[in-house]
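Note sheet for the following structure.
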Amino acid sequence: MTPPRSSALRSAEPTIMGTAYGVVLCVMLLVIALQAAILPASVWQGDEYDYFANIREHGLAFLSDRLLHWSPRPFSEIVIFAYGTVVNAVHKPLAWLFLALTWLFCAAVAFVPFLRRSNGPASTRLLIAVSVAAIFMLGHPSADFFYWPMGTIAHLPVLAAACGLTLLKISQILSTRAEALLLSLALTSSEAGVFFGMLWLGMRGFELLYVRRATAFRRSRWLLLPTGVGLCVSAEMLLNHRMGGSGFPFTPTHGHIRTSLAAAFGPFLQTLIALQPNEMSSGSEFTKQAIASGLALKIILTGAFTTLFMTCGIRPALRTLIAPAVALAGTMYLTIAAAFYAFGFLCCQRHETFRLDLSVLLVLLLSAGLSTVLSEKFKISSGDHKRETLLQVCALTGLLLFAGWTMRWRLSDLSLALAGLPLEEAAHHHVWASGLSAGTDMTYSQGTASPAFYYWHWEPGTYHAGGTGWEVQSALRYFGKTTLHVLPPLGLTPLPATP
């Protein structure tokens, strides 16, 4: 007969487990804090200079032209228009403030509904949300996705909406109203959001046709909103986007739909498996090391979330995971095919980052399904404290392993970025002081070119209005100058390769 455990031991276990949860939570918060600490070094590219000059010169007419004839992104276009209007009024870039607000908005979209409504323990819910947020920043380059205003506002809301839908779906608390609002956000943010939203709605349509119940149709009336939005945005995307081919290398996939769809299969499978710490924006493929380490890391991540979900009761019906899985995987595949079609190669860093983060959401779906299967097979119950403790230890260990492994990739870039932060801020201040000064000449100072946040560096030299360099010409136009002297980056380390 097993002797009863002492009261001291029973009281010590929650304290030890609570401390372990706190340690892992602090690690994940530290990852996010380090990434947020370098936000002041965020930098404009030629897009902002060109876009905001057009706002100043044409106002709302420019916005309407963008919406009707160029970019089917109502949400992100309106937000960036508002940002540019404020910048033009105060004569300051405000890049870090804009990005910080965008981060906070997207975090709220992705995690607040799950934190408020999920039935799991508060500590576990918080750990899941913070861990997912930190994981989105790890395992791949993040500069073009998190630190470039125009790239961030187009793609991060789509990831946030997809994350919110995934967490609510696996927790079995997704209402049709929340579903409609999150899908509408994705559909109006970028073309990738259109792919995701329409695939999701298509799968939901099949579900409703399969059920064929009047009550199910009535409960789904909210979905008419994103359906209407999606049809309008899709029609605009098809009607107004033409392949000009200017500036892009000709490849067998460029401008050819079938060839692009066929070429996307291999990179799609690699993206499902791999994680890549290196720059891939110029069309290079995943290395064997990236695929091997990605496979190991995603297995670790799957095990960690599976055991975490088992302890907090996340055990959805397997059939409910089909629609989100198809939407996520289909979006990954179609964005790869779209890159081959539009560019002729896999461009750009933000797209690759986005797809790799979608693969993390697929890991969450797989983990939720495994949680359902394994909990049923092993009859996991909330009263089995010994087994629950073992599962929690496995979950926390897996999360720490993933964070430690991927932070090893990122730490050198972050260290350089933090060390060079004063230099970056001084360089940005000098650019604006020079740009707003009297005269027709200005100097463009560049910071430390850390890969953590610095995506495109400008080639040093003297440029004149009407000459070469689209980014440089945009800056000249924005500041009303005729000559621009681009200084070399302050380079604490060798420069990354030009994409």
Worked check of side chain to side chain contact (heavy atoms under 4.5 Å, CB included) between Gln392 and Met17: CA-CA 8 Å; Gln392 290 173 331; Met17 214 61 238; 3.1 Å; yes
Steps toward side chain to side chain contact (heavy atoms under 4.5 Å, CB included) verdict (Met198, Leu231): CA-CA 8 Å; Met198 296 309 288; Leu231 289 174; 4.1 Å; yes
Leu127 and Leu396: CA distance, side-chain angles, deciding distance, side chain to side chain contact (heavy atoms under 4.5 Å, CB included) verdict: CA-CA 10 Å; Leu127 180 63; Leu396 298 179; 3.5 Å; yes
Derivation of the side chain to side chain contact (heavy atoms under 4.5 Å, CB included) call for Trp103 and Leu39: CA-CA 10 Å; Trp103 284 25; Leu39 274 173; 3.8 Å; yes
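Looking at Asp357, Asp47, Asp144 one by one, the single match for salt bridge (charged side-chain N to carboxylate O under 4.0 Å, His left out) with Arg350 turns out to be Asp144.
Under the 4.5 Å side-chain criterion, counting only non-hydrogen atoms from C-beta, Pro316 is in contact with Thr372. When side chains are defined from C-beta on, Leu25 counts as touching Leu29, because their heavy atoms get closer than 4.5 Å. Side-chain contact between Leu60 and Phe81 is present, with heavy atoms from C-beta onward closer than 4.5 Å. In this structure the side chain of Val24 never reaches within 4.5 angstrom of the side chain of Thr397, judged on heavy atoms. Taking 4.5 Å as the limit, every side-chain heavy atom of Ser189 sits out of range of all side-chain heavy atoms of Arg73. Side-chain contact between Val229 and Leu183 is absent, with no heavy-atom pair separated by less than 4.5 Å. Leu182 is listed as a side-chain neighbour of Leu168, based on a closest heavy-atom distance under 4.5 Å. Within the 4.5 Å cutoff, the side chain of Phe309 has heavy atoms near those of the Ile128 side chain.
For Arg125 (side chain) and Leu115 (main-chain N/O), a donor-acceptor pair under 3.5 Å exists by modelled atom type. A donor-acceptor contact shorter than 3.5 Å links the side chain of Thr287 to the backbone of Ala290. A distance-only check finds a donor-acceptor pair linking the side chain of Thr320 to the backbone of Ala317 [under 3.5 Å]. Judged purely by atom type and a 3.5 angstrom limit, Ser371 uses its side chain to pair as donor or acceptor with the backbone of Ile314. In this structure a side-chain-to-backbone donor-acceptor pair under 3.5 Å is missing from His69 to Arg66.
Looking at every heavy atom in both residues, Phe268 comes nearest to Ala329 through CE1-O, 3.3 Å. When all heavy atoms of Cys347 and Ala339 are compared, the pair lying nearest together is O-CB, 3.7 Å. Annotation for Ala192 and Thr335: closest pair CB-CG2, 3.9 Å, computed over non-hydrogen atoms. Of all heavy-atom pairs spanning Lys169 and Pro324, the tightest one is CG-CG, 4.1 Å. Of all heavy-atom pairs between Ser260 and Phe340, the closest is OG-C, 3.6 Å. When all heavy atoms are compared, the tightest approach of Leu185 to Pro157 is CD2-O, 4.0 Å.
The CG atom of Leu365 lies 11.0 Å from the OG1 atom of Thr302; values are rounded to the nearest 0.5 Å. Atoms CG and CH2, on Leu94 and Trp96 in that order, are 9.0 Å from each other to the nearest 0.5 Å. To the nearest 0.5 Å, the span separating CG on Leu261 from CG on Leu334 amounts to 7.0 Å. We find the CH2-OG distance between Trp222 and Ser184 to be 9.0 Å, quoted to the nearest 0.5 Å. Taking CZ of Phe286 as the start and CD1 of Ile291 as the end, the distance is 7.5 Å to the nearest 0.5 Å. To the nearest 0.5 Å, the span separating CG on Leu391 from CG on Leu308 amounts to 9.5 Å.
The distance between the ring centers of Phe52 and Tyr83 falls below 6.0 angstrom.
Residue pairs meeting the salt bridge (charged side-chain N to carboxylate O under 4.0 Å, His left out) criterion with at least one partner in residues 128-139, sequence neighbours excluded, are absent.
Not counting sequence neighbours, the partners of Glu48 by the side chain to side chain donor-acceptor pair (under 3.5 Å) test are Trp148. For Arg204, the salt bridge (charged side-chain N to carboxylate O under 4.0 Å, His left out) test picks out Glu179, Glu207, with sequence neighbours left out.
In this pair, Phe62 and Tyr51 present their aromatic rings perpendicular. The plane angle is above 60°, beyond the 30 to 60° band. Ring geometry for Trp405 versus Trp409: interplanar angle over 60°, hence perpendicular rather than tilted (30 to 60°).
The neighbour count for Ile257 CD1, taken as heavy atoms of other residues, nucleotides or ligands under 6.0 Å away, does not exceed 12.
A side-chain donor-acceptor contact under 3.5 Å links Arg410 and Gln35.
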